[in-house]
Amino acid sequence: MTTVTTPTQIADPASAARTLLRLNTAYFQSKVLQSAVELGLFALLAEEPATAETVFGRLGVRARPGADFLDALVGLGLLERKDGRYSNKPEAAAFLVPDAPGYLGGSIAQHARRHYRSWASLTDVLRNEPAADSPPATAGGDPAKVQLDFHKDFENLDNVRRLMGHMDAFNTFVAHELGRCVDWSRHRTFLDVGGARGNVAAHLVRTHGHLRGGVFDLPAVRPLFDEHMAALGTASQVGFTAGDFFDDPLPESDVVILGHVLHDWPPAARERLLERVFAAVRPGGSVVVYDAMLTDERDDAVALLQSLNCSIMRDGGSEYTVAECRGYVERAGFRFESAERVESLTGDRVLIASKPS
């Protein structure tokens with residue numbers, strides 16, 4: 001027999017219904033933000049406040065939906081409207097204007113281009129049915145397919161540049177936490193595996209002057225790495241090694257960092273990578289893993305949604321618990337030391353394990 005709950009059995013039925021409807025239409029807000037970034041609205045308003053007519057003319061936006069669009073951004077707290085002119089609120093100026101130190105637009109644009117469309121296939125992914133433009137996921141994930149997908153993603157330099165902007169938006173915040181929660185005084189060198197264009201590595205060598213770092217990533221990243229290190233003034237402190245971390249040797253180092261890497265791969269591939277990392281870490285050194293790891297209780301909605309995102313974007317990808325990560329590193333030969341949640345955009349947890357001397 002089906003149990004039916006009527007609205008009158010809920011303490012505040014109107015509030016409950018509004019909550020569900022807001023959840024159902026939450027993507028309205030996401031798309032308004034994403035379109036504003038894609039159109040270059042925040043960059044335009046960083047020059048000077050502008051009337052709606054100026055915005056429409058400069059960005060090629062139609063007036064009728066455009067007026068609602070601008071005023072919706074005011075209502076969302078991203079723009080300010082005063083005397084008929086629109087300007088960026090401080091939060092938008094800090095995080096949504098290109099070249100601002102905390103710029104998140106690269107990630108927002110990547111979500112608009114790829115993630116938003118991929119999430120439309122969630123029901124198909126849950127049923128293991130093919131989405132409109134992809135084959136069905138295999139049970140447990142296919143590491144060879146994921147590896148091939150990564151190489152395809154890195155074939156086009158413009159695509160790589162967009163991906164780097166997306167990654168930097170997240171790892172910038174984690175970089176500050178790594179400087180705090182790892183005892184870098186014990187080490188002299190580190191290697192950031194899958195370290196993209198060196199954003200984390202640059203922060204670490206600038207914060208801890210005695211460190212020398214390295215980044216290991218696919219060859220297509222090299223031009224963007226060189227460009228970024230030159231801009232930050234860290235080219236002499238951070239080197240780059242090109243390769244595939246499943247096929248090519250990892251340079252020896254005191255510490256190896258795996259940040260937002262393991263969640264892209266099925267469990268067997270994670271363990272294989274950590275075995276290769278163990279061989280690269282010098283005796284007495286450490287491995288540092290960070291991801292939006294799940295709680296054992298599996299009650300952290302932010303991390304669970306991030307895990308779903310990994311499943312949608314990569315065959316066999318997902319987040320994992322701290323206990324599971326501890327198992328990965330210990331089976332590779334490391335000795336677990338600590339795990340803690342840090343301040344980041346995705347609620348990352350940092351796990352540290354050491355290699356016996």
Nearest heavy-atom neighbours spanning Pro219 and Ala242
CA-CB, 3.8 Å

Would one find more than 12 heavy atoms of other residues, nucleotides or ligands at under 6.0 Å from atom CZ of Arg298?
no

If you define the side chain from C-beta out and look only at heavy atoms, does anything of Val37 sit under 4.5 Å from Leu104?
no

Note: Ser185 and His210 closest approach over all heavy atoms is CA-NE2, 4.2 Å

Option among His111, His115, Arg314, His263 that satisfies the side-chain hydrogen bond (donor to acceptor under 3.5 Å, both in side chains) test with Asn309
His115

Looking at residues at least two apart in the chain, or sitting in another chain, which of them share a side chain to side chain donor-acceptor pair (under 3.5 Å) with Arg276?
none

Are the side chains of Phe216 and Val256 in contact, using a 4.5 Å heavy-atom criterion?
no

Distance col, row Leu44:CG vs Leu39:CG, nearest 0.5 angstrom, shows 10.0 Å

Using side-chain heavy atoms (C-beta onward) and a distance below 4.5 Å, is Tyr103 in contact with Val97?
no

Please check if the side chain of Ser286 supplies one atom and the backbone of Ser354 the other of a donor-acceptor pair under 3.5 Å.
no

Selection residues 213-227 - residue pairs positive for side chain to side chain donor-acceptor pair (under 3.5 Å), sequence neighbours left out:
Arg161-Glu227, Arg222-Asp226

Whether the side chain of Thr51 engages the backbone of Thr54 through a donor-acceptor N/O pair (distance < 3.5 Å, no angle test) should be reported.
yes

Might you point out which heavy atoms bring Ala93 and Ala100 nearest each other, and give the distance in Å?
O-CB, 3.9 Å

Taking Glu324's backbone N and O only, do any of them form a donor-acceptor pair with Thr321's side chain (distance below 3.5 Å, no angle check)?
yes

For the residue pair Arg117 and Arg113, what are the closest heavy atoms and their distance?
NH1-O, 3.2 Å

Consider only side-chain N and O atoms of Thr189 and Arg282, and report whether a donor and an acceptor are under 3.5 Å apart.
yes

ring-ring contact (aromatic ring centres under 6.0 Å, His included) contacts in which one or both residues fall within residues 268-305, not counting sequence neighbours:
His260-Tyr290, Phe278-Phe334

Set out, in order, the CA-CA distance, both residues' side-chain angles and the distance that settles side-chain contact (heavy atoms from CB on, under 4.5 Å) for Val255 and Leu191, then state yes or no.
CA-CA 6 Å; Val255 177; Leu191 178 70; over 6 Å; no

Would you confirm whether Ser307, through its side chain, and Ala303, through its main-chain N or O, come within 3.5 Å as a donor-acceptor pair?
no

Under 4.5 Å side-chain heavy-atom separation, chaining through any Ile, Leu, Val, Met, Phe, Trp or Tyr, what else clusters with Tyr27? Say none if it is isolated.
Phe28, Tyr116

Less than 4.5 Å apart, side chain to side chain, heavy atoms only: is that true for Val215 and Val238?
yes

Any sub-3.5 Å donor-acceptor pair from Asn24's side-chain atoms to Leu20's backbone N or O?
no

Is a side-chain N or O of Ser121 found less than 3.5 angstrom from the main chain of Ser118, in a donor-acceptor match?
yes

Below 4.5 Å, heavy atoms only, C-beta onward: do Leu204 and Ile257 meet side chain to side chain?
yes

Is a donor on one side and an acceptor on the other found under 3.5 Å between the side chain of Gln9 and the backbone of Thr6?
yes

Would a single hydrophobic cluster contain both Val287 and Leu351, if residues Ile, Leu, Val, Met, Phe, Trp and Tyr are joined by side-chain heavy-atom contacts under 4.5 Å?
yes

With a 4.5 Å limit on heavy-atom distance, are the side chains of Asn88 and Leu78 in contact?
no

Output a table of donor-acceptor pairs, distance under 3.5 Å, between side-chain atoms of residues 165-180 and any protein atom two or more places apart or on a different chain; print 'none' if there are none.
from, atom 1, to, atom 2, distance (Å)
His166, ND1, Ser107, OG, 3.0
Asp168, OD2, Arg197, NE, 2.4
Asp168, OD2, Arg197, NH2, 2.8
Asn171, OD1, Asn199, ND2, 3.0
Asn171, ND2, Met167, O, 3.3
Thr172, OG1, Asp168, O, 2.7
Thr172, OG1, Asn199, ND2, 2.7
Glu177, OE1, Arg180, NH2, 3.2
Glu177, OE1, Glu343, N, 3.1
Arg180, NH2, Glu340, OE1, 3.1

Step through the shown structure and confirm whether more than 12 heavy atoms of other residues, nucleotides or ligands are within 6.0 Å of CG on Asp99.
no

Can you run down the side chain to side chain donor-acceptor pair (under 3.5 Å) pairs that involve residues 58-70, sequence neighbours left out, and say none if there aren't any?
Glu47-Arg58

With a 4.5 Å cut-off on side-chain heavy-atom distances among I, L, V, M, F, W and Y, is there a chain of contacts connecting Tyr320 to Leu304?
no

Can Arg331 and Glu271 be said to form a salt bridge (charged side-chain N to carboxylate O under 4.0 Å, His left out), step by step?
CA-CA 8 Å; Arg331 284 190 290 276; Glu271 300 211 17; 2.8 Å; yes

Listed partners of Asp299 passing side chain to side chain donor-acceptor pair (under 3.5 Å), at least two apart:
Thr295

Check the pair Leu41 / Val55 against side-chain contact (heavy atoms from CB on, under 4.5 Å), numbers first and verdict last.
CA-CA 8 Å; Leu41 174 62; Val55 171; 3.8 Å; yes

Smallest heavy-atom separation, Leu232 atom then Ala202 atom, equals CD1-CB, 3.6 Å

Who are the ring-ring contact (aromatic ring centres under 6.0 Å, His included) partners of Tyr86, not counting sequence neighbours?
none

Check for me whether the distance between the ring centres of Trp265 and Phe246 falls short of 6.0 Å.
yes

State, with a plain yes or no, whether a side-chain heavy atom of Leu45 is found less than 4.5 Å away from one of Leu79.
yes

Mind checking whether Val281 and Val288 sit in one hydrophobic cluster, side chains of I, L, V, M, F, W, Y counted as touching below 4.5 Å?
yes

Got a sec, which residues hit ring-ring contact (aromatic ring centres under 6.0 Å, His included) with His187, two or more places apart in sequence or on another chain?
none

Under the side chain to side chain donor-acceptor pair (under 3.5 Å) test, which residues partner Ser338, sequence neighbours left out?
none

Arg341 vs Asp348, test: salt bridge (charged side-chain N to carboxylate O under 4.0 Å, His left out). Steps then yes/no.
CA-CA 6 Å; Arg341 182 161 183 166; Asp348 288 303; over 6 Å; no

Pair Phe56, Leu70 - check side-chain contact (heavy atoms from CB on, under 4.5 Å), show working.
CA-CA 10 Å; Phe56 301 157; Leu70 289 176; 3.7 Å; yes

For a quick test of reading the model, state the closest non-hydrogen atom pair linking Val289 to Cys325 and the distance between them.
CG1-SG, 4.0 Å

Is any NZ, NE, NH1 or NH2 atom of the basic residue among Asp291 and Arg349 found under 4.0 Å from an Asp or Glu carboxylate oxygen of the other?
no

Evaluate the side-chain contact (heavy atoms from CB on, under 4.5 Å) criterion for residues Leu274 and Leu262: first the C-alpha distance (whole Å), next the side-chain angles of each, then the deciding distance (0.1 Å), finally the verdict.
CA-CA 9 Å; Leu274 279 161; Leu262 295 185; 4.1 Å; yes

Who pairs with Asp264 by side chain to side chain donor-acceptor pair (under 3.5 Å), at least two apart in sequence or on another chain?
none

Is there a side-chain contact between Val205 and Arg212 in this structure, where contact means two heavy atoms from C-beta onward sitting under 4.5 Å apart?
no

Does Phe42 have any ring-ring contact (aromatic ring centres under 6.0 Å, His included) partners at least two apart in sequence or in another chain, and if so, which?
none

